[in-house]
Amino acid sequence: QMQLLDSGGGSVQGGGSLRLSCVASGYSISNYCMGWFRQAPGKEREGVAAIDRYSITSYADSVKGRFTISRDNARNILYLDMTSLKPEDTGMYYCAAGPMGSLYVLLNSSGLVTYWGQGTQVTVSS
């Protein structure tokens with residue numbers, strides 16, 4: 001079993017920044033395609049960003065140029081740096097681990113996710 005512990009959420013004003021972290025234990029994140037998903041109240045969970053073991057990345061169009069996903073395989077930590085935050089970025093953010101090779105499909109296929117974090121709340125005010 002892999003455990004994923006999300007943290008770093010909070011309340012910020014529009015235009016602000018946050019850094020989310022996901023500490024993994026049990027298995028190495030280097031064996032997985034890792035990603036971040038988010039879910040706003042009343043909406044479906046959506047993929048935000050993903051990164052494969054070679055640090056090749058994929059982003060949802062809504063966050064391109066504002067969010068950066070990165071990974072530290074040695075420390076088994078996944079990050080999401082969020083800048084220029086907008087009220088529509090508000091939601092619960094979840095770290096996720098999916099199969100290697102799923103980089104370009106993971107964000108649109110939450111059913112591929114093997115392990116989920118517990119979530120960390122991000123609230124952006126206007």
Side-chain angles (χ1 to χ4, degrees):
Q1 278 289 77
M2 174 184 257
Q3 289 79 44
L4 300 174
L5 183 62
D6 308 328
S7 64
S11 296
V12 296
Q13 287 194 326
S17 301
L18 283 172
R19 176 178 240 204
L20 306 184
S21 299
C22 171
V23 178
S25 60
Y27 293 132
S28 171
I29 64 170
S30 63
N31 295 322
Y32 295 87
C33 180
M34 300 297 295
W36 289 95
F37 288 73
R38 67 186 180 190
Q39 188 166 19
K43 294 189 176 181
E44 290 188 357
R45 192 170 296 190
E46 63 174 354
V48 174
I51 184 169
D52 72 5
R53 65 185 303 177
Y54 304 108
S55 292
I56 298 172
T57 58
S58 177
Y59 295 93
D61 288 344
S62 59
V63 306
K64 280 181 182 176
R66 299 188 299 120
F67 290 12
T68 302
I69 187 171
S70 60
R71 61 195 296 163
D72 185 334
N73 288 338
R75 298 178 64 198
N76 231 22
I77 302 175
L78 179 73
Y79 299 102
L80 184 68
D81 289 292
M82 306 185 294
T83 63
S84 302
L85 282 161
K86 305 175 181 179
E88 51 264 42
D89 295 318
T90 293
M92 187 70 79
Y93 282 69
Y94 299 91
C95 173
M100 281 196 289
S102 65
L103 177 68
Y104 296 109
V105 297
L106 185 65
L107 297 187
N108 295 315
S109 306
S110 61
L112 291 175
V113 173
T114 307
Y115 299 104
W116 290 99
Q118 85 288 354
T120 184
Q121 177 69 36
V122 172
T123 303
V124 185
S125 58
S126 56

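This structure is a prediction, so every number in the text was calculated from the model and none was measured. Residue numbers run from 1 in the order of the sequence given. Excluded from the calculations below are hydrogen atoms, water molecules and symmetry mates; all remaining heavy atoms, backbone and side chain alike, are included.
- Counting all heavy atoms, side chain and backbone alike, A24 lies closest to M2 at CB-CE, 4.3 Å.
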Do any side-chain atoms of residues 101-111 form donor-acceptor pairs under 3.5 angstrom with protein atoms, and if so which ones, sequence neighbours left out?
unit_1, atom_1, unit_2, atom_2, d
S102, OG, P99, O, 2.6
S109, OG, V105, O, 3.1

Can you give me every donor-acceptor pair (side chain of residues 86-96, partner residue at least two apart or in another chain, under 3.5 Å) with its distance?
unit_1, atom_1, unit_2, atom_2, d
D89, OD1, R38, NH1, 2.9
D89, OD1, R66, NH2, 3.0
D89, OD2, R66, NH1, 2.8
D89, OD2, R66, NH2, 3.4
D89, OD2, K86, N, 2.8
T90, OG1, P87, O, 2.9
T90, OG1, V124, N, 2.9
T90, OG1, V124, O, 3.4
Y93, OH, R38, NH1, 2.9
Y93, OH, D89, O, 2.6

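- By the side chain to side chain donor-acceptor pair (under 3.5 Å) test, K43 is found to be paired with no residue, residues two or more places apart in sequence or in another chain being considered.
- L20 places none of its side-chain heavy atoms less than 4.5 Å from the side chain of D6.
- Summarising the geometry, atom CE belonging to M34 is positioned 12.0 Å from atom OG belonging to S55; distances are rounded to the nearest 0.5 Å.
- For C33, the disulfide bond (SG atoms under 2.5 Å apart) criterion is met by no residue, not counting sequence neighbours.
- Residue pairs that meet the side-chain hydrogen bond (donor to acceptor under 3.5 Å, both in side chains) test with at least one member in residues 10-22, sequence neighbours left out, are R19-D81.
- L5 belongs to no hydrophobic cluster with other residues, because no ILVMFWY side-chain heavy atom falls under 4.5 Å from its own, directly or through intermediates.
- A ring-ring contact (aromatic ring centres under 6.0 Å, His included) check over residues 33-67, counting only residues at least two apart or in different chains, returns the pairs F37-W116.
- The two residues A49 and L80 come nearest to each other via the heavy atoms CB-CD1, 4.2 Å.
- The side chain to side chain donor-acceptor pair (under 3.5 Å) check on S30 picks up S28, with sequence neighbours excluded.
- Not counting sequence neighbours, the partners of R71 by the side chain to side chain donor-acceptor pair (under 3.5 Å) test are N73.
- Inter-residue side-chain proximity for L78 and I51 is flagged as met; some heavy-atom pair is nearer than 4.5 Å.
- Hydrophobic clustering (side-chain heavy atoms under 4.5 Å, transitive across Ile, Leu, Val, Met, Phe, Trp, Tyr) keeps I29 apart from V113.
- With sequence neighbours left out, the side-chain contact (heavy atoms from CB on, under 4.5 Å) criterion links M100 to R53.
- With sequence neighbours excluded, the residues forming a side chain to side chain donor-acceptor pair (under 3.5 Å) with Q121 are T123, listed by chain and number.
- Counting all heavy atoms, side chain and backbone alike, M82 lies closest to L85 at CB-CD2, 3.8 Å.
- Residue pairs meeting the disulfide (SG to SG under 2.5 Å) criterion with at least one member in residues 97-126, sequence neighbours excluded, do not occur.
- Across all their heavy atoms, T120 and G9 have their closest contact at OG1-N, 3.0 Å.
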